[in-house]
Peer 1: 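Mind looking over this structure? Questions follow.
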Amino acid sequence: MEIVCRAGIQVTGDGAREVHDDIIVEDHVRLFLNGEYLTTLVASPGRLDDLGAGFIVCEGLADRIDSVEVSERDVHIVAPIKKDIRLEVESSGGYRVLGEPKKVASSITVTADGIRAVTAAIESDAWRRTGGVHCSVLFCDGELVTRACDVGRHNTVDKVVGHAALKGLDRSACILGCTGRQPAGMVAKAANAGIPIVVSRAASTDRGILTAEQAGLTLIGFSRGERFTIYTHPERVPDVFEILEKTK
């Protein structure tokens with residue numbers, strides 16, 4: 001990730017001092033799909049191949065990526081497109097492709113301790129240094145396979161999914177962990193990628209929960225320390241029912 005140092009004046013109570021803070025770099029990235037301009041994303045300028053590939057998969061435009069080429073801040077993706085492209089502005093100010101998300105088909109499960117392990121992996125050095133990034137992680141078969149940070153929470157999901165798509169990983173066996181809240185657009189990204197379980201440190205929205213329910217995705221929010229809340233499809237966390245019985 002690109003991080004720069006910027007000067008400032010820090011005020012604490014009645015005191016003040018000069019400081020030099022680590023600041024995350026924000027840039028614009030243009031995506032081209034099959035030779036045609038698609039959209040411009042506000043993003044951190046790193047892992048742009050993963051970002052481009054992940055955006056196409058997470059927006060349900062294609063299940064696989066044939067190739068990605070990066071030229072400065074332009075990302076050229078080649079992929080077999082499945083549907084017409086219609087963009088709308090998302091809650092974050094970015095763009096998403098209109099349409100219903102895919103249904104998730106996966107029989108994987110996770111334990112309460114497994115959820116806590118995903119949550120613990122979300123914190124990053126970039127966040128500790130700058131406080132200005134979101135982060136997503138992807139676990140496959142119980143192992144952390146990739147972590148991505150970015151100024152945009154949507155981009156972090158695109159980047160980890162793009163990594164999985166370019167590496168040919170089985171996304172139906174993966175768990176996605178996020179720092180950001182989970183509105184409908186964020187949940188739809190995971191569903192379109194075929195990821196069955198999403199763990200977030202933050203809240204969801206009502207439409208986010210409804211989208212997860214309809215897509216067959218297990219949505220877990222407020223995962224912090226020992227605490228988490230399962231909003232949809234708790235059958236993928238079987239030991240939670242044993243915990244419920246013990247606490248009745």
Side-chain angles (χ1 to χ4, degrees), residues 41 50-65 82 90-92 94-110 114-115 118-119 121-122 134-141 144-150 152-167 169-223 228-237:
L41 304 177
D50 289 342
L51 175 64
F55 183 88
I56 300 304
V57 172
C58 286
E59 294 303 326
L61 293 175
D63 290 326
R64 77 169 198 272
I65 303 298
K82 302 188 304 177
E90 248 286 8
S91 59
S92 65
Y95 287 95
R96 68 180 292 264
V97 176
L98 288 169
E100 293 298 318
K102 296 194 314 184
K103 302 288 185 181
V104 177
S106 175
S107 60
I108 73 164
T109 61
V110 65
I115 292 168
V118 172
T119 305
I122 295 172
H134 280 287
C135 182
S136 287
V137 296
L138 198 66
F139 276 68
C140 295
D141 297 322
L144 174 65
V145 295
T146 186
R147 177 190 291 110
C149 297
D150 198 283
R153 66 179 189 269
H154 292 73
N155 301 334
T156 66
V157 174
D158 290 341
K159 286 180 177 180
V160 297
V161 170
H163 173 88
L166 294 175
K167 294 294 185 182
L169 301 179
D170 179 5
R171 299 188 298 271
S172 69
C174 293
I175 299 174
L176 175 66
C178 306
T179 54
R181 64 189 177 89
Q182 298 295 306
M186 284 284 281
V187 175
K189 280 183 175 290
N192 284 328
I195 296 173
I197 301 173
V198 174
V199 180
S200 174
R201 287 178 52 87
S204 182
T205 66
D206 63 332
R207 287 187 60 210
I209 293 171
L210 179 62
T211 300
E213 181 64 42
Q214 293 175 340
L217 182 148
T218 300
L219 179 60
I220 300 167
F222 293 115
S223 187
F228 57 84
T229 303
I230 307 170
Y231 289 109
T232 59
H233 296 282
E235 65 274 10
R236 290 200 181 95
V237 195

Peer 1: Using the side-chain contact (heavy atoms from CB on, under 4.5 Å) criterion, which residues pair with A203? Sequence neighbours excluded.
Peer 2: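 For A203, the residues satisfying side-chain contact (heavy atoms from CB on, under 4.5 Å) (neighbours in sequence not counted) are F222.
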Peer 1: Measure the SG-CD1 distance between C58 and I195 for me, rounded to the nearest 0.5 Å.
Peer 2: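 Separation between the atoms: 6.5 Å.
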Peer 1: Specify the closest pair of heavy atoms between A193 and V161, including all atoms of both residues, with the distance to one decimal.
Peer 2: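 What the structure gives for the nearest pair is CB-CG1, 3.7 Å.
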Peer 1: Indicate the atoms forming the closest heavy-atom contact of P183 with T205, along with that distance.
Peer 2: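 For P183 and T205, the tightest heavy-atom pair comes out as CA-OG1, 3.3 Å.
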Peer 1: What is the minimum heavy-atom distance between A191 and V104, and which atoms define it?
Peer 2: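 The pair with the smallest heavy-atom distance is CA-CG2, 3.8 Å.
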Peer 1: How close do L217 and A190 get, counting heavy atoms only, and between which atoms?
Peer 2: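 Between these two residues, the closest heavy atoms are CD1-CB, 3.8 Å.
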Peer 1: Are side-chain heavy atoms of K102 and D63 found at a separation under 4.5 Å?
Peer 2: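 Yes, at least one pair of side-chain atoms sits under 4.5 Å.
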Peer 1: Atom CD1 of I122 and atom CG of L144: how far apart are they, to the nearest 0.5 Å?
Peer 2: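 Between atom CD1 of I122 and atom CG of L144 there are 10.5 Å.
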Peer 1: Do S106 side-chain atoms and S172 backbone N/O form a donor-acceptor pair below 3.5 Å?
Peer 2: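 Here the side-chain-to-backbone pair exists.
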Peer 1: Looking at every non-hydrogen atom in both residues, tell me the closest pair between A165 and I65 and how far apart they are.
Peer 2: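 Looking at all heavy atoms of both residues, the closest pair is CB-CG1, 4.5 Å.
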Peer 1: Side chains of R201 and T119: closer than 4.5 Å at any heavy-atom pair?
Peer 2: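 Touching, per the 4.5 Å side-chain cut-off.
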Peer 1: I need the K159 NZ to H134 NE2 distance, nearest 0.5 Å.
Peer 2: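 Reported to 0.5 Å precision, the distance equals 13.0 Å.
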Peer 1: When rounded to the nearest 0.5 angstrom, what is the spacing between CD in Q182 and CD1 in I220?
Peer 2: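 Reported to 0.5 Å precision, the distance equals 11.0 Å.
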Peer 1: Is V199 close to V110 at the side-chain level, that is, under 4.5 Å between some pair of heavy atoms?
Peer 2: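 Side chain of V110 against side chain of V199, heavy atoms only: no contact under 4.5 Å found.
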Peer 1: Is there side-chain contact between V187 and V198, with at least one heavy-atom pair below 4.5 Å?
Peer 2: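 Counting from C-beta outward, V187 and V198 never come under 4.5 Å.
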Peer 1: Should C178 and V157 count as side-chain neighbours, where that means a heavy-atom distance under 4.5 Å?
Peer 2: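 In contact.
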Peer 1: Between L51, D150, L176, T179, which is the residue that forms a side-chain contact (heavy atoms from CB on, under 4.5 Å) with T156?
Peer 2: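 Considering L51, D150, L176, T179, a side-chain contact (heavy atoms from CB on, under 4.5 Å) with T156 is found only for D150.
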Peer 1: Could you tell me whether the side chain of I209 reaches within less than 4.5 Å of the side chain of T232, counting heavy atoms only?
Peer 2: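 SC-SC contact between T232 and I209 confirmed.
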Peer 1: Would you compute the distance between atom OG of S136 and atom NE2 of H154 and round it to the nearest 0.5 angstrom?
Peer 2: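 If I round to the nearest 0.5 Å, the distance is 10.5 Å.
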Peer 1: Start with the C-alpha distance between C149 and C135, add both sets of side-chain angles, then the distance that settles disulfide bond (SG atoms under 2.5 Å apart), and finish with yes or no.
Peer 2: CA-CA 4 Å; C149 297; C135 182; 3.7 Å; no
Peer 1: For H233 and E213, indicate whether the former's side chain and the latter's backbone hold a donor-acceptor pair under 3.5 Å.
Peer 2: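 Looks like yes, one N/O pair under 3.5 Å.
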Peer 1: Check M186 against R181 and note the closest heavy-atom contact, atom names and distance.
Peer 2: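 Smallest heavy-atom distance, with atoms named: CG-O, 3.8 Å.
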Peer 1: Surrounding CG of D170 (heavy atoms of other residues, nucleotides or ligands, distance under 6.0 Å), is the total greater than 12?
Peer 2: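 Enclosed: over 12 neighbouring heavy atoms sit under 6.0 Å from CG of D170.
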Peer 1: Going through the checks in order, is the side chain to side chain contact (heavy atoms under 4.5 Å, CB included) test met by I108 and I175?
Peer 2: CA-CA 9 Å; I108 73 164; I175 299 174; 4.2 Å; yes
Peer 1: Would you say the side chain of V57 lies within less than 4.5 Å of the side chain of R171, judging by non-hydrogen atoms?
Peer 2: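 A side-chain contact under 4.5 Å exists here.
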Peer 1: With rounding to the nearest 0.5 angstrom, report the CG to NE2 distance, L169 to H163.
Peer 2: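 If we round to the nearest 0.5 Å, L169:CG and H163:NE2 are 5.5 Å apart.
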Peer 1: For G180, does its backbone N or O pair with a side-chain atom of S200 as donor and acceptor, under 3.5 Å?
Peer 2: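 Yes, because the side chain of S200 sits within donor-acceptor range (under 3.5 Å) of the backbone of G180.
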